[in-house]
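In the text below, chain A, chain B and the rest are named by the order of the sequence lines, each starting its count at 1. The model shown is predicted, which means the values in this text are computed figures rather than measured ones.
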Amino acid sequence: MPVITIPPGQPFSLDQTLGCGQVFRWDRAPDGTWLGVVGRNVIRIRQEGRRLMFSGVSADVIRSYFSLDVDLVPILSSIDTDPVIHAAIERCRGLRLVRQPPWECTASYICSTNSNIPTIRRRIASLAEQFGKPVKSEGQTFYTFPEPSCIAGKGQDNLAVCRLGYRQPYVHGTSCSVTDVTCWEETIRSLPYEEARKEMMKLQGVGPKAADCIILFGFQKYEAFPVDVWIRRILQKHYLPELATGAPVTNREYDRIRIFAREHFGDYCGWAQEYLYAARLE
DNA sequence: GACCAGGAAGAGT
DNA sequence: ACTCTTCATGGT
């Protein structure tokens, strides 16, 4: 089995990275091996100290997917501006933002609205099983995440079994809009954050929160700061007490929070967001 | 049953 | 440009 040795001084935790809720298609076996489908490949990967044992793709793909080429220490130093984020960094040290395939990320976060993580995972697994291509590995069958044309082409009837609820027409509509994935990807990639955000929000089912998640997880624009109910709660408690407690995230509040975060945490506030989110439950 | 979950669209102001 | 309402599904 191929091995990557993580350079000394580069924090990395596979469990934190795959378990924090940024990705929806990875499963952890009791022995600590993670299994996931990325692109056309089934990946198995396990961490023992500073060694990563993996199969299914090249070492370069692993390094890129898990952002092991990103120098994490200066990023953590730059966002470590107060005791609250400091505690989150201590607790989740080694968490890295993953480089998610942009289209899969887009469809995933359209499916994520107003839902909990187990439900989101089931929806995305169902999309893959219905429309993706089967891939065999060690005698088991897995499914790639489907291209937009595969979802758009088969009509709404096949989509119904995925039980997306009111999100179904959004997934279908956006699948129809993104006909040329490569071209669409390059367009978004070439735009600066604010413009990419506006462009993403033209897609059906993509509002401010989903747009920020896609830009952060799919396009590595680290100044994005997605605001969901958890992040709002955390910021209300520790940073912005003037926000009303328990209220829904209005549009105006959303902007107020993300602009505060950008100024408070700096250019890498997206990393701060993920550390705060990952540490949310305690 | 009520309430919540990595919200967004559409209608009405 | 800002509220208010509705939306479908599953977990607790």
Side-chain angles (χ1 to χ4, degrees), chain A residues 16-26 88 92 95-98 100 102 104-127 129-130 156-178 194 197-219 221-222 224-237 243-259 261 269-282:
Chain A
Q16 290 289 350
T17 298
L18 292 178
C20 72
Q22 61 177 321
V23 286
F24 302 109
R25 290 238 291 157
W26 284 90
C92 304
L95 185 157
R96 282 173 187 260
L97 294 178
V98 156
Q100 297 188 33
E104 175 174 344
C105 188
T106 300
S108 297
Y109 280 92
I110 291 174
C111 290
S112 78
T113 69
N114 206 19
S115 306
N116 53 40
I117 288 177
T119 305
I120 298 163
R121 290 173 58 90
R122 200 178 19 263
R123 288 191 189 124
I124 295 165
S126 181
L127 275 174
E129 195 172 336
Q130 290 299 316
Q156 301 258 11
D157 292 341
N158 298 52
L159 259 183
V161 303
C162 299
R163 308 187 70 77
L164 307 181
Y166 64 85
R167 307 155 195 85
Q168 179 183 324
Y170 303 156
V171 170
H172 187 259
T174 293
S175 297
C176 294
S177 301
V178 184
E194 293 285 351
R197 191 170 189 269
K198 282 182 195 163
E199 202 57 33
M200 287 302 307
M201 286 173 62
K202 291 178 182 171
L203 298 173
Q204 292 178 53
V206 179
K209 153 70 169 60
D212 279 329
C213 285
I214 298 158
I215 288 169
L216 182 60
F217 303 139
F219 292 96
K221 297 185 193 293
Y222 298 139
F225 191 87
V227 180
D228 61 27
V229 293
W230 293 101
I231 289 294
R232 184 195 184 284
R233 209 168 284 157
I234 293 164
L235 267 81
Q236 191 278 326
K237 183 174 178 185
L243 298 178
T245 55
V249 187
T250 66
N251 243 334
R252 170 185 298 188
E253 263 195 13
Y254 192 109
D255 280 344
R256 172 157 168 55
I257 293 170
R258 79 181 169 101
I259 286 162
C269 60
W271 289 81
Q273 191 273 3
E274 207 52 20
Y275 271 82
L276 290 172
Y277 182 79
R280 67 193 176 281
L281 289 181
E282 44 63 53

Checklist outcome for this item: To the nearest angstrom, the OH-P distance between A:Y166 and C:dG10 comes to 13 Å
Checklist entry - Of all the choices, C:dG10, B:dA8, C:dA8, which nucleotide is nearest to the side chain of A:N114 once you look at every atom? => result C:dA8
Checklist entry - Tell me: CZ of A:R252 to P of C:dC4, nearest whole Å? => result 12 Å
Checklist entry - Whole-Å distance between B:dA8 C1' and A:R197 CZ? => result 13 Å
Checklist entry - Taking the side chain of A:N116 as heavy atoms from C-beta outward, which of C:dA8, C:dT3, C:dG11 is closest to it? => result C:dG11
Checklist entry - If you measure from the P atom in C:dA8 to the same atom in B:dA11, how many Å do you get, rounded? => result 15 Å
Checklist entry - Which atoms form the tightest heavy-atom contact between A:M200 and A:A211, and what is the distance? => result CB-CB, 4.0 Å
Next on the checklist: Mind checking if A:G205 touches a base, just sugar-phosphate, or nothing, with heavy atoms under 4.0 Å?
Outcome noted: sugar-phosphate
Next on the checklist: Applying a 4.0 Å non-hydrogen cut-off, can you work out what A:Q22 is touching in the nucleic acid: base, sugar-phosphate, or nothing?
Outcome noted: base
Checklist entry - Rounded to the Å, how far apart are A:D255 CG and B:dA8 P? => result 12 Å
Item to check | Which residue lies more 5' along DNA chain B, comparing A:F24 with A:L203 via nearest heavy atoms | outcome: A:F24
Checklist entry - Side chains of A:F217 and A:V98: does their closest heavy-atom pair fall under 4.5 Å? => result no
Item to check | Earlier contact from the 5' end, DNA chain B, for A:F217 and A:Y170 | outcome: A:F217
Item to check | Separation of atom CD1 in A:I110 from atom P in C:dC7, rounded to whole Å | outcome: 21 Å
Next on the checklist: Can you identify which nucleotide, out of B:dA5, C:dG10, B:dA8, has its nearest atom closest to the A:R163 side chain?
Outcome noted: C:dG10
Item to check | Sugar-phosphate only, base, or nothing, as touched by A:R167 at under 4.0 Å among non-hydrogen atoms | outcome: base
Checklist entry - Looking at side-chain heavy atoms only, is the closest gap between A:F225 and A:D212 below 4.5 Å? => result no
Checklist entry - Do A:Y254 and B:dG7 share a donor-acceptor pair, side chain to base, under 3.5 Å? => result no
Next on the checklist: Applying a 4.0 Å non-hydrogen cut-off, can you work out what A:P118 is touching in the nucleic acid: base, sugar-phosphate, or nothing?
Outcome noted: nothing
Checklist entry - Checking all strands, does A:V227 fall into the base, sugar-phosphate, or nothing category for heavy-atom contacts under 4.0 angstrom? => result nothing
Checklist entry - What is the nucleic acid contact for A:S112, judged by heavy atoms within less than 4.0 Å: base, sugar-phosphate only, or nothing? => result sugar-phosphate
Checklist entry - In whole Å, what is the span from the CG atom of A:L164 to the P atom of C:dC7? => result 18 Å
Item to check | Whole-Å distance separating the CE atom of A:M201 from the P atom of B:dG10 | outcome: 13 Å
Checklist entry - A:Y222 vs A:W271 aromatic rings, parallel, tilted or perpendicular, using cut-offs 30° and 60°? => result perpendicular
Checklist entry - Is the shortest side-chain N/O distance from A:R121 to OP1 or OP2 of C:dG10 below 4.0 Å? => result no
Checklist outcome for this item: Nearest heavy-atom approach of A:T174 to A:T106 is CG2-CG2, 4.4 Å
Item to check | Any A:R123 side-chain nitrogen or oxygen under 4.0 Å from OP1 or OP2 of C:dT9 | outcome: no
Next on the checklist: Expressed as a whole number of angstroms, how long is the span from A:E253:CD to B:dG7:C1'?
Outcome noted: 14 Å
Next on the checklist: Need one value for A:V249: base, sugar-phosphate or nothing, where a base atom within 4.0 Å counts as base even if backbone is also close, heavy atoms only.
Outcome noted: nothing
Next on the checklist: Considering every strand and a 4.0 Å limit on heavy-atom distances, what is the contact class for A:R232: base, sugar-phosphate, or nothing?
Outcome noted: nothing
Next on the checklist: Using a strict threshold of under 4.0 Å (side-chain N to carboxylate O), is an ion pair present between A:E253 and A:R256?
Outcome noted: no
